[in-house]
Amino acid sequence: MAEDWITIRSGSLAAAINPLGAELSLITDADGRELMTDADPAFWTGRAPLLFPVIGLTQDGIRIDGQRYAIPKHGFARHSRFTLVSHDEAQAVFALEDTAETRAVYPYAFRLEVTHRLDGATLVTEARIINRGEGPMLASFGFHPAFAWPLPYGQDRTDHRIVFAADEPGKLKAITPNGLIAAEERASPLDGRTLHLADALFTDDALVWSPVHSRSVTYGASAGPHLDIAFPHTDKLGIWTKPGAAFICIEPWHGIADPEGFTGEFRDKPGVFEVAEGGEKVIAMSITLG
């Protein structure tokens, strides 16, 4: 419930985080205008789920050392209640650790520590993925924030676009009707570095850059305030909505759904990384109102 959400503030922004999933659930500007999804249940009730320890759908669970684990789509972090570790005016830190339930679908001892921090007009979300067990740990991680489309500054929905920081010359991954990565790729809809947003782009699910060369994008209308989304640690990007919805998801990923026909070990799944025994991996994203 919203009354359980944890609020942080700066002079320029306010944000609220749901302990269920440590999910960033609201961002408002200094005048109280909402910058995220309205979570209309007719389309999608998510707001900014954290994807761990897998991204997307698996063909038949994951296989680790020959054993199959029936892990759900996008993993379990988004449906898990995190513990509030610390909280002050501008920062909140949450943590999730393994349980018997998580080990049944993901056989590792881990700690996922998530920090949401405001610094002026910038909100940083940082995930620390810590291996608490013996031997190396395999994982993926992704962000899935849904921003208001249109942004609340009076510009028309059709005037909104996403501009990439670097050239993106390659084709995109296509998604099969059952949610896997198709063998055939799809043509890029970019105009130079610009994606002109339109519902028709998403009739066949998300747009997926794998790899993406940019480490940031700018979202907004041709005039007025915009959002700069930076993702220094991830080389895959999904952009998604449901046609007609009042949100656009800009999703930096360190991983991807299973390719069609994939039957290999989890370590061979695209984007899976290894965390050494006693080690950690940090993956961050920032959102700046400009």
Side-chain angles (χ1 to χ4, degrees), residues 1-52 74-97 111-129 141-153 160 217 219-220 225-231 238 240-242 245-252 282-290:
M1 298 297 291
E3 57 264 28
D4 298 329
W5 294 359
I6 304 299
T7 300
I8 56 177
R9 298 181 182 278
S10 70
S12 302
L13 296 173
I17 301 100
N18 187 349
L20 183 63
E23 183 178 17
L24 176 66
S25 297
L26 295 173
I27 306 174
T28 55
D29 68 10
D31 296 316
R33 289 172 291 206
E34 178 55 60
L35 304 178
M36 292 188 67
T37 175
D38 60 0
D40 182 348
F43 295 98
W44 185 57
T45 57
R47 295 176 185 269
L50 299 175
L51 315 182
F52 173 85
H74 289 324
F76 48 75
R78 62 185 179 141
H79 298 308
S80 299
R81 184 161 291 275
F82 283 61
T83 299
L84 180 62
V85 175
S86 64
H87 176 215
D88 60 30
E89 183 178 26
Q91 176 174 287
V93 180
F94 298 83
L96 176 69
E97 294 187 346
R111 178 180 174 91
L112 174 58
E113 194 167 284
V114 177
T115 300
H116 297 281
R117 179 176 67 254
L118 283 172
D119 182 5
T122 296
L123 185 145
V124 176
T125 299
E126 180 182 273
R128 294 176 62 232
I129 301 155
F141 184 87
F143 300 99
H144 198 314
F147 302 106
W149 180 23
L151 289 172
Y153 299 110
H160 283 58
V217 297
Y219 162 61
H226 57 271
L227 297 177
D228 294 317
I229 299 101
F231 38 94
W240 172 76
T241 191
K242 289 191 173 181
F247 67 83
I248 186 73
C249 289
I250 300 173
E251 309 174 39
V282 176
I283 301 177
M285 176 190 68
S286 66
I287 302 162
T288 301
L289 177 63

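Given the structure is predicted, the values throughout are model-derived calculations rather than measurements. The first residue in the sequence is number 1, and the count goes up from there.
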Taking [X] for its side chain and [Y] for its backbone only, find out whether a donor-acceptor pair lies under 3.5 Å.
X   : Y   : result
T45 : P41 : no
E34 : I27 : yes
T83 : V85 : no
E23 : A48 : yes
D31 : R33 : no

Starting at [atom1] of [X], measure out to [atom2] of [Y] and round the result to the nearest 0.5 Å.
X    : Y    : atom1 : atom2 : answer
Y219 : I287 : OH    : CD1   : 12.0 Å
L26  : D38  : CG    : CG    : 11.0 Å
R78  : R47  : CZ    : CZ    : 15.0 Å

Is any side-chain heavy atom of [Y] closer than 4.5 Å to one of [X]?
X    : Y    : answer
L112 : F82  : yes
P152 : L35  : yes
L289 : P225 : yes
L96  : F52  : no

Of all pairs that satisfy ring-ring contact (aromatic ring centres under 6.0 Å, His included), the ones with a partner from residues 15-44, not counting sequence neighbours: W44-H144, W44-W240, W44-F247
Closest non-hydrogen atom pair, [X] against [Y]:
X    : Y    : result
L13  : L123 : CD1-N, 4.4 Å
A14  : R9   : CB-NH1, 3.5 Å
N18  : S25  : CB-OG, 3.6 Å
H87  : A92  : CD2-CB, 4.1 Å
T122 : S286 : CG2-CB, 4.0 Å
F231 : V217 : CE2-N, 4.0 Å

Step-by-step side chain to side chain contact (heavy atoms under 4.5 Å, CB included) determination, F143 to I229: CA-CA 11 Å; F143 300 99; I229 299 101; over 6 Å; no
Residue list, salt bridge (Lys or Arg N to Asp or Glu O under 4.0 Å) with D228, at least two apart or on another chain: none
Could you tabulate the donor-acceptor pairs under 3.5 Å formed by side-chain atoms of residues 113-120, not counting sequence neighbours?
| from | atom 1 | to | atom 2 | distance (Å) |
| --- | --- | --- | --- | --- |
| E113 | OE1 | R111 | NE | 3.0 |
| E113 | OE1 | R111 | NH2 | 3.0 |
| E113 | OE2 | R128 | NH1 | 2.8 |
| H116 | ND1 | T125 | OG1 | 3.0 |
| H116 | NE2 | A22 | O | 2.9 |

